[in-house]
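Report on the following structure.
Quick note: numbers below take in every heavy atom, side chains included, and nothing from hydrogens, waters or symmetry partners.
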Amino acid sequence: MTDDDVLIIGAGLAGLVTAATLTARGRHVTILEQEPRASLGGQAWWSFGGLFLVDSPEQRRLGVKDSAELALADWLGSAQFLPGADRGEGPDRWGYAWAERFVDFAAHEMRPWLHDKGVRWFPLVQWAERGGHPAGGHGNTVPRFHVTWGTGPGVLEPFVRAAVEARRAGLLDIRFRHRVTELVTTDGVVTGVRAEVLAPDDAGRGEPSGRDVVRIVELGARAVVVATGGIGANHELVRAQWPASAGSLPSTMLSGVPDSTDGEMLAHAAAAGAALVHTDRMWHYPEGVAMHTPVWNRHGIRILPGPSSLWLDADGGRLPHPLYPGFDALGSLRHVTGRGDDHSWFVLNRTIMEKEFALSGSDQNPDLTGKDVKLLLERVRKGAVGPVARFAEESPEFVWAATVPELAAGMNALTGEDRIDAAALERLVTLRDAQVSSGLGKDPQVVATARAREYVVDKVIRVAPPRPLTTPEDGPLLAVRLRVLTRKTLGGLHTDTSARVLRPDGEILPGLYAVGEAAGFGGGGVHGERALEGTFLGGCLFSGRTAGEAIG
């Protein structure tokens, strides 16, 4: 057995941040990563790079009035932690404690810490998860979604750079193709790991890689950190853990994460005596479309919508208030699964698509990822931008039509079922258009959409001018079939505020730490029931830094 200061399992963002923090303190670290070198950075590389920041200079320049107090109120209204959490009692006690610390981090230290490392942000702050619920409920009161200049790779860059520097200094060893299968314990203390050394594989970033075993190794350390992410690619496990109260997830879903996000390390940790909590809390999306050129199995992309599209269930009925595009992702998903559907629909027109549709992910935003200002300016011009235009042309999920009856026929042809009644759909569109044409309107979605345009960023790049869907110059009409897209796990390994993993009896399991999604982004569930977006990368950053500072 080879002894080390710290072993980190997983070379994603949380693992790299933990390593950077430890090596800056002079600790020697070994990272074990089951995937090839091309996948360094894990899921974060594929992300849009959005960060939840509070009272930032970017917000203030746009006239947004935010504060740590308001952000925490929004967080707690969304989380709906179980009773007693605020008093340090019950299964949410550690999630609540992490939430308080994370919001403070987002309001104070996170931005200057990252800025000092060279990270910058797109100046137009986005308004994700608007909620639409009464005060005290779910949603962001103000825009807080700060897109990193360089998207996910831009967030990763300083920590990849730190890894390179630490390796040159002899403080870091990254061993790819090492798949941990067991945590080694000695007298109740985690003292190392057993791992399969997998055969070399030239798979590209995110592509499935082989599992042929070359040999078994055992490595020892004073501390082991689990940074292996969640369960999003393991659809059987996702379905098994989905809460029965929210209906059933469909038999066919899309994956928003590579195949390697399988959750197996969580089971290995539990076998070594670690506690798992809130495994039924998840953050998947109902607005997925299949990737036209997939990288991993069942590869899907999430549409990031503005608020104007009509959101319809599989039978053509409108989703209830406040389940509008961009308002309440989990509420919308639970409505779909509660009905037992495997899809829903956006109904809109070409102008709304061109103004309001964006796609999640670094690969779907080449202007921001490549820091290309000239390409970025295309977003404010008429017409669909790059990847959106390609999906509109190539995806079979995009149904175009000149009239509402033709649209209904196309929707039914796509599903092979006659679930959309043409007359009912035409009536729904007519009623919606009358509300918009009034100049005011009582329809809550129409009112919310008009209100959104009072925010300068929404008016310029995110929300189309309110006009009837059937306005000829805005046509043709469009329906997009939406599938369930798996993404994040909100529960995970139970940890205290030093990222130390707990046993089922609540006591510390010595020698074991957990960070990032594997720990529910902190405490086994920092988000509670719902997330405010921009908090997943932020949770990896904060939990990784916390563990790196706490490990002796």
Side-chain angles (χ1 to χ4, degrees), residues 46 48 126 147 151 254 256 285-295 298-312 314 316 324-326 343-370 372 375-415 420 425 429 432 449 458 460-485:
W46 296 95
F48 198 20
Q126 306 294 299
V147 178
T151 64
L254 301 172
Y285 292 109
E287 315 103 324
V289 291
M291 181 64 180
H292 46 67
T293 51
V295 176
R298 302 170 294 199
H299 188 171
I301 293 291
R302 183 195 178 200
I303 293 176
L304 302 174
S308 298
S309 300
L310 288 174
W311 200 339
L312 310 183
Y324 313 132
H343 69 278
S344 60
W345 298 93
F346 282 159
V347 170
L348 59 157
N349 58 36
R350 180 178 290 278
T351 292
I352 293 174
M353 183 201 75
E354 292 174 348
K355 184 79 169 183
E356 298 193 3
F357 273 18
L359 299 168
S360 181
S362 59
D363 56 325
Q364 299 302 309
N365 293 275
D367 49 357
L368 291 163
T369 302
D372 188 328
L375 189 59
L376 183 65
L377 291 175
E378 295 294 323
R379 289 181 183 251
V380 299
R381 296 175 181 169
K382 184 176 176 57
V385 176
V388 174
R390 184 176 181 186
F391 264 90
E393 293 174 359
E394 297 189 11
S395 174
E397 309 293 347
F398 283 59
V399 178
W400 298 94
T403 67
V404 175
E406 290 176 8
L407 189 68
M411 295 162 74
N412 287 331
L414 179 60
T415 62
I420 305 298
L425 181 59
V429 170
R432 181 267 182 197
T449 302
D458 280 346
V460 172
I461 67 169
R462 286 296 283 150
V463 183
R467 288 197 293 265
L469 292 178
T470 51
T471 302
E473 56 267 32
D474 290 339
L477 293 168
L478 169 63
V480 183
R481 181 171 63 173
L482 309 170
R483 299 296 189 94
V484 174
L485 177 75

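- Among residues two or more places apart in sequence or in another chain, the salt bridge (charged side-chain N to carboxylate O under 4.0 Å, His left out) test is passed with Asp363 by none.
- Using a 4.5 Å heavy-atom threshold, the side chains of Thr470 and Val429 count as touching.
- In the model, Thr151 has a side-chain atom that pairs as donor or acceptor with a side-chain atom of Thr369 under 3.5 Å.
- The main-chain N or O of Ile420 is found under 3.5 Å from a side-chain atom of Asn412 such that the two form a donor-acceptor pair.
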>> Could you walk me through whether Gln126 and Arg462 satisfy the side chain to side chain contact (heavy atoms under 4.5 Å, CB included) test, starting with their C-alpha distance in whole Å, then the side-chain angles of each, then the deciding distance to 0.1 Å, before giving a yes or no?
In response: CA-CA 9 Å; Gln126 306 294 299; Arg462 286 296 283 150; 3.4 Å; yes
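- None of His343, Glu287, Arg298 except one satisfies the side-chain contact (heavy atoms from CB on, under 4.5 Å) rule with Arg483; the exception is His343.
- Considering every non-hydrogen atom in both Gly288 and Leu485, the closest pair reads CA-CB, 4.0 Å.
- Using bins of under 30°, 30° to 60° and over 60° for the plane-to-plane angle, the ring pair Trp46/His299 lands in the perpendicular bin.
- Side-chain atoms of Val399 and Val480, non-hydrogen and from C-beta on, never get closer than 4.5 Å to each other.
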> After noting the C-alpha distance and the side-chain angles of Ser308 and Leu348, does the key distance pass the side chain to side chain contact (heavy atoms under 4.5 Å, CB included) rule?
Replying inline: CA-CA 8 Å; Ser308 298; Leu348 59 157; over 6 Å; no
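- Considering OG of Ser344 and CG of Leu312, their distance stands at 8.5 Å, rounded to 0.5 Å.
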>> As a quick check of understanding, evaluate side chain to side chain contact (heavy atoms under 4.5 Å, CB included) for Thr293 and Arg390, giving each step before the final call.
In response: CA-CA 11 Å; Thr293 51; Arg390 184 176 181 186; 3.5 Å; yes
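- Without hydrogens or angle criteria, Thr471 side chain to Pro468 main chain gives a donor-acceptor distance under 3.5 Å.
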>> I'd like to know whether Phe48 forms a side chain to side chain contact (heavy atoms under 4.5 Å, CB included) with Asn365, so could you lay out the CA-CA distance, the side-chain angles of the two residues, the decisive distance to 0.1 Å, and finally the verdict.
In response: CA-CA 8 Å; Phe48 198 20; Asn365 293 275; 3.4 Å; yes
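- In this structure, Pro325 and Gly306 approach most closely via the heavy-atom pair CB-O, 3.2 Å.
- With rounding to the nearest 0.5 angstrom, the OG1 atom of Thr351 is 6.0 Å from the CZ atom of Arg467.
- A donor-acceptor pair under 3.5 Å is formed between the side chain of Glu406 and the backbone N or O of Ala402.
- Contact annotation: the side chain of Ile303 approaches that of Leu359 to within less than 4.5 Å [non-hydrogen atoms, C-beta and beyond].
- Counting only heavy atoms from C-beta outward, the side chains of Val347 and Ser309 never approach each other to under 4.5 Å.
- Heavy-atom minimum distance, Leu469 versus Leu477: O-CD2, 3.4 Å.
- One finds the CD atom of Gln364 at 10.5 Å from the CG atom of Leu304 (value rounded to the nearest 0.5 Å).
- No side-chain heavy atom of Pro305 sits under 4.5 Å from any side-chain heavy atom of Tyr324.
- Checked by atom type and distance alone, the side chain of Lys355 pairs as donor or acceptor with a backbone atom of Val460 at under 3.5 Å.
- Residue Ala464 comes nearest to Ile352 through the heavy atom pair CB-CG1, 4.1 Å, listed as atom of the first residue, atom of the second, then distance.
- For the atom pair Trp345 CH2 and Met411 CE, the distance stands at 4.5 Å (nearest 0.5 Å).
- The distance from atom CG of Leu478 to atom CD of Glu397, rounded to the nearest 0.5 Å, is 11.5 Å.
- Heavy-atom minimum distance, Ala401 versus Pro476: O-CB, 3.3 Å.
- Aromatic rings from Trp311 and Phe346 are positioned such that their centres are separated by under 6.0 Å.
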>> Please determine whether salt bridge (charged side-chain N to carboxylate O under 4.0 Å, His left out) holds for the pair Asp474 and Arg350, giving the CA-CA distance in whole Å, both sets of side-chain angles, and the decisive distance to 0.1 Å.
In response: CA-CA 6 Å; Asp474 290 339; Arg350 180 178 290 278; over 6 Å; no
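- Note: Phe398 and Trp400 have tilted aromatic rings, judged against thresholds of 30 and 60 degrees for the angle between ring planes.
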